[in-house]
Structures are given as C-alpha cells and as structure tokens.
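These notes concern the structure reproduced below.
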Amino acid sequence: MRILPRMGTIESSVSSILLDRVAEWLTNSSLAGDDLESVVRGFCERIAAAGLPIARVHLTFSMLHPLYDALSFTWRRASGVTIEGYRHTAGQKPDRFLQSPYYYLLDNNLQHIRRRIPADGAAEFPVFVDLREERITDYLAFVQPFGDGSVQGMMGSWSTDSHTGFSDDMIDALLRMQNHLAVAAKMAVLGKLANNMLTTYLGGDAGKRVLNGQIRRGDGETIRAALVMGDMRQSTVYAEKEGRQAYIDTLNQFFDAIAAPFNRNGGEILSFLGDGFLAVYPCGRHKDPSKIACQAALSAVHQAQARVAELNRERLEAGLSKVSYGIGLHVGNVMFGNVGLKDRLTFSAFGSAVNEVQRLQSLTKKYSSEVVASQAFAGYCGGEWRTLGEEKLRGIRQKVTVLQPHVPASVLHVEENFRDVVPAALSEAEQVILLHRDARKQAKKPTVEEFIQ
C-alpha cells in the first residue's frame with residue numbers, strides 16, 4: 001500500500017535552487033542601485049514564487065531624514081505593497097506598542113520571536129487579533145541591525161496563512177534570505193540617505209547635479225533664471241527679545257509660510273542665508289521662457305504674502321508680534337556650481353545678477369514695500385507696476401528702475417494649509433524603529449564629548 005505524504009510535508013518543501021536565484025537577484029539589485037521599494041517588492045514576490053507560503057511581510061527601515069524616522073513596507077500576497085513614512089515625534093510609547101511582539105522582542109534583547117496564532121481564544125498580543133482577520137496562522141518577527149553601533153537597521157515580521165504554519169526548513173530559508181535582504185536593503189537605504197541629504201541641504205536640482213558627478217571645485221555652468229531673494233526684518237530684535245529657541249521657532253514658522261511657494265512650479269530654494277533665502281526659476285534665454293519663469297515667481301510671491309498674512313493673524317491671536325519681510329525680484333544670468341575650498345565646497349548661484357537681487361531686496365526697507373523688482377523682471381511679467389524710483393546699485397554702472405507690483409485682492413488668499421499637520425498616533429511599526437534606535441543609543445558607550453555635554 002502506497003503511503004501518501006502529509007500536506008504539511010508538501011507545503012514545507014522549499015526550492016533551494018530558486019532561493020539561490022532570489023539571493024542572486026538581490027545582489028544584482030544592490031549593484032544596480034535599485035531603490036528600497038523595488039528591492040522590497042521584488043524580494044517578496046520572488047520568495048513567494050519560490051514556494052514559501054508567505055501571506056504577509058512587514059519591513060521597517062530607520063532613515064536619516066529631516067522629517068521622518070522610518071519607512072515601512074507591508075506586502076500582502078493578495079494586494080501587493082503599501083508604504084508609510086513615520087514622522088519625528090517625542091513622547092511616551094502608546095500602550096498598543098508596549099503590548100506588541102516587537103516590544104517584547106526588544107525588551108528581552110531577542111533577535112527573533114515566533115508564535116503560532118490560533119483561530120480563536122485569547123490573543124497574546126493585540127496585533128494578533130488583526131492578523132486573525134487575515135487568517136494568519138504563524139508569525140515570525142525579527143530585528144536585523146545594519147552593523148554594530150549603527151542606529152540604522154531593519155525590523156519586521158513574516159506571516160503565513162498555511163494551516164500547517166512555518167516548517168523548520170521554511171524558517172531556515174527565511175533566516176538565510178533575511179541576511180541577503182538586509183545587505184540589499186542597507187545599500188538602498190544608503191543610496192536614499194545620500195539623495196535625502198543632498199536634496200535637503202542643496203535642493204532638488206543641485207542635489208541631482210552633485211549625484212551626477214558635479215563634485216569638483218569649479219564644476220558648474222551659467223544659466224538664466226528668475227531670482228527671488230527674501231529676508232525677515234528685525235531678526236536681531238526678535239533674537240534678543242524672544243530668546244534663542246523662541247527665535248528659532250519664529251524663523252522656522254516664517255520660512256514655512258514664505259519660502260515653500262518658491263520650491264515648486266519650476267522654482268527651487270537654492271540656499272538659506274541666515275534669516276533669508278535665495279530661490280531660482282531656471283529658464284531659457286528667449287522671451288517666452290523668461291516670461292514663464294518670472295510670472296511663476298511673481299505668482300509664488302502673491303501666495304507667500306497671503307501665507308505670511310495668515311501666520312501673522314495666528315501670531316497676534318497668540319499674543320506674539322508680527323513678522324515682517326522684504327522680497328527682491330530680478331532676472332538674469334547666474335553662475336551655478338561648486339565654489340569654496342578643495343575639501344569643503346558649496347553648490348550655489350553667484351554672479352552679478354545674484355548681487356543685484358540681494359541689493360533690490362534691501363531696498364524694500366527704503367521704500368517701505370514688501371516686494372520690489374527690477375525693470376527687467378517686471379517687463380517679462382507684464383501686469384500693473386508702480387515705479388518707486390531709480391537707484392544706483394553698487395557695482396552697476398547704470399541706474400536701476402525699482403518697481404512695486406500691484407497685487408489684486410483676489411490673489412491674496414492662502415491656497416493650502418501651510419502649517420504642519422499633526423500626525424496621527426504613531427503606528428506599531430514607527431514605535432518599533434524608534435525604540436530600536438533609542439535602545440542602540442543607550443547601549444553605545446558615550447564619547448568624551450558626549451559625556452561632557
């Protein structure tokens with residue numbers, strides 16, 4: 001009589017050949033510089049195709065980013081990948097996280113935790129109630145640091161809806177593939193980190209130029225652009241009156257309100273200069289491209305004025321003083337590239353046009369106008385302008401006509417809520433990565449400098 005194999009034996013069969021191909025694919029993805037989403041999506045689809053009965057994969061990666069602490073991916077066999085970013089926050093961990101498998105894993109300094117999930121009865125962890133709805137039967141959570149002493153790493157879980165759960169060879173396969181995934185993910189995170197840092201500190205276009213190889217002193221080019229120079233007034237008074245932290249908060253509120261409109265629709269904040277900023281709208285050298293760039297810059301000015309007016313209304317309601325500002329507008333050729341020391345460079349715009357827009361901005365004080373522009377800028381924009389006078393700008397032979405735009409009341413409205421939206425309560429994934437980061441920081445021995453501080 002022939003004995004039929006049990007269903008569990010069939011389901012536990014994992015092809016080592018196919019898994020080796022997945023590992024090879026991860027290596028090739030790392031060499032190709034694939035982004036993190038592509039790595040995660042491709043990996044999950046391939047291990048499922050290799051015979052692992054994976055129903056759900058959750059992966060969270062810590063990120064060095066000015067807004068976000070972590071990036072989370074949840075892959076489901078039936079629906080694919082969903083992505084969440086988790087904002088920086090402070091405060092106590094929610095009860096749901098403190099009662100999670102991840103917290104148990106970290107609190108007990110474990111690398112893995114495996115649990116079978118019964119179809120009914122009491123749930124050991126609240127998240128298992130949600131997993132039951134997805135008919136998950138077996139759950140394996142893990143921590144995968146990206147090296148000793150690193151605050152970056154990968155955390156997550158593997159889940160199956162197979163009625164026999166994970167077999168030993170499945171668990172062995174997952175642990176082996178987890179290491180390959182960690183290497184590929186680390187490479188993708190480092191690539192994302194480089195892009196985040198360059199975009200945050202240099203701007204989108206400048207960051208791309210540096211990533212594309214413009215990294216030597218003197219690398220760059222001459223471009224034509226509409227230029228915007230903005231500056232907060234009486235910053236010294238604010239700093240002395242409000243104190244350091246209150247002044248920094250005021251400055252950030254000011255930038256949130258005034259600067260954001262210049263970082264879209266073809267414009268880019270190129271640099272922040274103390275309590276001011278320089279934005280550029282690159283364009284072609286002919287009339288039509290210059291007209292489009294100048295009109296886009298002026299439209300952003302109107303939106304910035306409305307946003308600062310809204311900010312000042314809120315500040316007055318809170319018993320705080322208003323913030324005032326000046327904006328200069330110009331158009332011309334600028335040199336765009338790397339300058340500085342051989343081993344300490346900055347990527348910026350410079351040249352006579354930049355100097356001129358800076359001096360135009362300073363004339364807003366003389367003419368008691370929030371916005372002034374050169375004749376060249378106003379000529380490309382069209383519309384109604386009021387001539388304020390003619391000025392001899394330092395370094396410029398001919399006098400420059402200074403104009404003030406007529407601003408129709410209809411355009412001075414806030415098109416969007418520029419205040420930061422308060423994020424919802426942190427999810428389990430976010431709390432995992434924050435706790436992991438904090439735990440590693442506490443475990444790290446302080447340096448002399450850190451100890452003194």
Side-chain angles (χ1 to χ4, degrees), residues 7-8 11-12 14 40 43-45 47-48 51-62 69-86 91-145 153-175 177-178 181-182 423-439:
M7 183 63 71
E11 290 186 346
S12 67
V14 180
V40 170
F43 171 78
C44 292
E45 296 290 349
I47 62 169
L52 284 166
I54 293 293
R56 178 183 183 272
V57 178
H58 176 258
L59 300 169
T60 301
F61 303 90
S62 56
D69 273 304
L71 195 61
S72 172
F73 300 84
T74 303
W75 177 89
R76 290 179 173 86
R77 185 175 58 225
S79 57
V81 174
T82 56
I83 306 172
E84 293 181 88
Y86 304 118
Q92 295 183 348
K93 312 292 188 294
D95 290 340
R96 181 174 174 83
F97 172 69
L98 297 176
Q99 300 169 13
S100 71
Y102 291 139
Y103 183 83
Y104 179 87
L105 188 151
L106 292 167
D107 192 44
N108 290 280
N109 195 29
L110 301 173
Q111 290 184 315
H112 302 92
I113 176 175
R114 188 259 186 110
R115 292 290 187 269
R116 297 297 300 267
I117 302 178
D120 50 27
E124 181 180 0
F125 301 106
V127 69
F128 287 176
V129 176
D130 300 331
L131 295 180
R132 278 177 179 171
E133 296 180 0
E134 300 183 46
R135 299 184 178 181
I136 298 300
T137 60
D138 208 345
Y139 174 90
L140 176 63
F142 64 88
V143 178
Q144 181 76 55
M154 175 177 73
M155 299 187 69
S157 62
W158 317 104
S159 302
T160 182
D161 56 2
S162 168
H163 71 277
T164 57
F166 288 127
S167 64
D168 285 346
D169 62 332
M170 290 178 185
I171 293 175
D172 179 66
L174 286 171
L175 295 183
M177 298 309 300
Q178 180 180 307
L181 174 61
L426 299 183
S427 71
E428 182 177 327
E430 181 171 11
Q431 294 298 339
V432 166
I433 207 67
L434 292 180
L435 183 62
H436 176 55
R437 182 194 64 185
D438 295 342

Quiz item: Shortest non-hydrogen contact from Ala123 to Val129?
Solution: CB-CG2, 3.8 Å
Quiz item: How long is the gap from CD1 on Ile47 to CG on Leu52, to the nearest 0.5 Å?
Solution: 5.5 Å
Quiz prompt | Side-chain heavy atoms of Val143 within contact of Met155, under 4.5 Å | solution = yes
Quiz item: Taking C-beta and beyond as the side chain, do Phe73 and Cys44 meet within less than 4.5 Å on heavy atoms?
Solution: no
Quiz item: Quick one: CH2 on Trp158 to CG on Leu59, what's the gap to the nearest 0.5 Å?
Solution: 5.5 Å
Self-check item: Shortest non-hydrogen separation from Arg116 to Gly165 and the atoms involved
Solution: NH2-N, 3.8 Å
Practice problem: Measure up the Tyr139 and Phe128 rings against each other and bin them: parallel (under 30°), tilted (30 to 60°), perpendicular (over 60°). | Solution: perpendicular
Quiz item: Distance-only, no hydrogens or angles: does the Arg132 side chain make a donor-acceptor pair with backbone N or O of Pro118 under 3.5 Å?
Solution: yes
Quiz item: Does some side-chain heavy atom of Ile83 sit less than 4.5 Å from a side-chain heavy atom of Ser72?
Solution: no
Quiz item: Are Met154 and Gln178 close enough that some pair of their side-chain heavy atoms sits under 4.5 Å apart?
Solution: yes
Practice problem: Just jot down the salt bridge (charged side-chain N to carboxylate O under 4.0 Å, His left out) partners of Glu45, sequence neighbours excluded, or say none. | Solution: none
Exercise. Apply side chain to side chain contact (heavy atoms under 4.5 Å, CB included) to Gln99 and Phe125, showing your working.
Key: CA-CA 6 Å; Gln99 300 169 13; Phe125 301 106; 5.6 Å; no
Quiz item: Between the side chains of His163 and Thr137, is a donor N or O closer than 3.5 angstrom to an acceptor N or O?
Solution: no
Quiz item: Which atom pair, heavy atoms only, marks the closest approach of Asp138 to Ile136?
Solution: O-CG2, 3.5 Å
Quiz item: Are side-chain heavy atoms of Asp168 and Met170 found at a separation under 4.5 Å?
Solution: no
Quiz item: With a 4.5 Å limit on heavy-atom distance, are the side chains of Arg56 and Ser157 in contact?
Solution: yes
Practice problem: Assess whether atom CG of Asn109 is packed by more than 12 heavy atoms of other residues, nucleotides or ligands within 6.0 Å. | Solution: no
Quiz item: Any salt bridge between Asp161 and Arg77, counting N to O under 4.0 Å?
Solution: yes
Quiz item: Is any side-chain heavy atom of Val57 closer than 4.5 Å to a side-chain heavy atom of Val81?
Solution: no
Practice problem: Give a yes or no on this: more than 12 heavy atoms of other residues, nucleotides or ligands lie within 6.0 Å of atom CD of Gln111. | Solution: no
Quiz item: Is the charged tip of Arg115 near the ring of Tyr104: under 6.0 Å from the six-membered ring centre and within 45° of its axis?
Solution: yes
Exercise. Check whether the side chains of Ser162 and Thr164 place a donor and an acceptor atom closer than 3.5 Å, and report yes or no.
Key: yes
Exercise. Ignoring hydrogens and angles, tell me if any N or O in the side chain of Thr160 forms a donor-acceptor pair with the backbone of Pro53 under 3.5 Å.
Key: yes
Quiz item: Would you say the side chain of His112 lies within less than 4.5 Å of the side chain of Leu140, judging by non-hydrogen atoms?
Solution: yes
Practice problem: Go through Trp75 and Phe43 one step at a time and tell me if the ring pair (Phe, Tyr, Trp, His ring centres under 6.0 Å) criterion holds. | Solution: CA-CA 10 Å; Trp75 177 89; Phe43 171 78; 9.4 Å; no
Quiz item: Counting distance only, does the side-chain N/O of Arg114 pair as donor-acceptor with the main-chain N or O of Phe166 below 3.5 Å?
Solution: yes
